[in-house]
Amino acid sequence: MAYSGSVGEVTFNALKVVDHAFRRCRLPAQAITSEMHSYALDSLAFLISELANIKTPSWCIERVILPMYENQPIVTLPIGTIDVLNLNYRVLQELTGTTVTTSTSYTVSFSSATTVNTIGIKWSAASVPVTFQVSTNGTTWTTVGTSTDIVSSGEITWTDISGALSYAYFRITSIATLSYTTITLGNMPQEIPLGQLNRDGYVNQSNQVFPGRPASYYYQRDLPEPIVRIWPAPFSAAEQAQLILWRHRQIMDTNNLQQEIEVPQRWLEAIVNGLAARVALETPAVDISLIPMLDQRAAVSVQRAWDGDNDGSPIQINPGIGCYTA
């Protein structure tokens, strides 16, 4: 018996998913018009957006490094953030060495081989793409990371180097002019979890702009981007620290029929059935008697997909029950 020899390589773009959804509504291919494709793509967007209201899809958990600024308690989160899963305050051991700078590079030579885990740049003009390189002799360089974050003058970008090793030389280079106020190199990161406040807990603070090391936060789902209000407000040392955000983000948009849908293969059946149930309601040519069956099939397959979408770790339940004294 001959097998394919491949696993997980079958892909379905949005067009295939939409066409299968219409077939489950008993519509032949020749009956599917461009208008139907258009509103089916909209219904697909509604479907994958609604998933965020039920649970956290395992593939939509993302780690983000956020800067802080002195006396600014409001931190804007990346667009598409649904929920804050964890928020930690991280401090670094700052590194020093002999520095040589040019208009397009920043090179540090250490007294001994040193690991650089994190780089922070406070820009004095608009940021430019940069490349991070290491060397054992200051002549031959190896690229270990890049940053293309776009921020304005006065803002900070932080970048972690994955799998960083010890080298005697480290440099930051760019094809454009590097305009910065400070550059921070660090290692030995230590993270301190921040406690979460509800709205009452935050607004009842007598001084919401009291400066200090942030210890707690209130998550506020604003538009167009959500924010966290951290307390105490960051003091001056916080500009050399970072917020490490683990967030639940939205599933990526599917802007046209040729793009793939950002779901794993195990979810494709649920997406097709869910879409079939939705387009059946908007398509006059669909036999209305099919709708209850399509709804039931969608509910079953979506539940099966959720049941299988976990990391296999044990569940810990903390009811938060404690004694109360007046």
I need the [X] [atom1] to [Y] [atom2] distance, nearest 0.5 Å.
X    : Y    : atom1 : atom2 : result
Q190 : N88  : CD    : CG    : 12.5 Å
L294 : C25  : CG    : SG    : 5.0 Å
N117 : T159 : CG    : OG1   : 12.5 Å
K16  : E260 : NZ    : CD    : 9.5 Å
T99  : L185 : OG1   : CG    : 8.0 Å

Return the orientation label for the W267 and W306 ring planes: parallel under 30°, perpendicular over 60°, tilted otherwise. perpendicular
Taking [X] for the side chain and [Y] for the main chain, is one N or O donor matched with an acceptor at less than 3.5 Å?
X    : Y    : value
N137 : T140 : yes
S124 : Y180 : yes
N256 : Q259 : yes
T283 : V286 : no
T254 : A14  : no
W59  : E262 : yes
N198 : G201 : yes
T102 : T104 : yes
E239 : S236 : no

Any salt bridge linking D309 with R266? Criterion: basic side-chain nitrogen under 4.0 Å from a carboxylate oxygen. yes
Consider only side-chain N and O atoms of [X] and [Y], and report whether a donor and an acceptor are under 3.5 Å apart.
X    : Y    : answer
W123 : T181 : no
Y169 : T139 : no
N273 : S301 : yes
T81  : R249 : no
E225 : T76  : no
S166 : T115 : yes
Q220 : R229 : yes
E282 : S43  : yes

Hey, are the side chains of [X] and [Y] touching, using non-hydrogen atoms and a 4.5 Å cut-off?
X    : Y    : value
Q240 : M68  : no
Q296 : M293 : no
R247 : I61  : no
M252 : I261 : no
I156 : I121 : no
L51  : I271 : yes
N255 : D253 : yes
I172 : T131 : no

Could you give me the CA-CA distance, side-chain angles and deciding distance for D42 and R278, then say whether salt bridge (Lys or Arg N to Asp or Glu O under 4.0 Å) is met? CA-CA 10 Å; D42 290 341; R278 288 172 180 265; over 6 Å; no
For Y219, which residues count as a ring-ring contact (aromatic ring centres under 6.0 Å, His included) partner, sequence neighbours excluded? none
Count the heavy atoms of every other residue, nucleotide or ligand shown that sit under 6.0 Å from [atom1] of [X], and state whether that count exceeds 12.
X    : atom1 : value
W246 : CH2   : no
Y39  : OH    : yes
R26  : CZ    : no
R199 : CZ    : no
I288 : CD1   : no
R304 : CZ    : no

Test Q133 against every option in T146, T143, T142 by the side-chain hydrogen bond (donor to acceptor under 3.5 Å, both in side chains) rule and name the one that passes. T143
Please determine if R213 forms a cation-pi arrangement with Y89, meaning its NZ or CZ atom is less than 6.0 Å from the six-membered ring centre and no more than 45° off the ring axis. yes
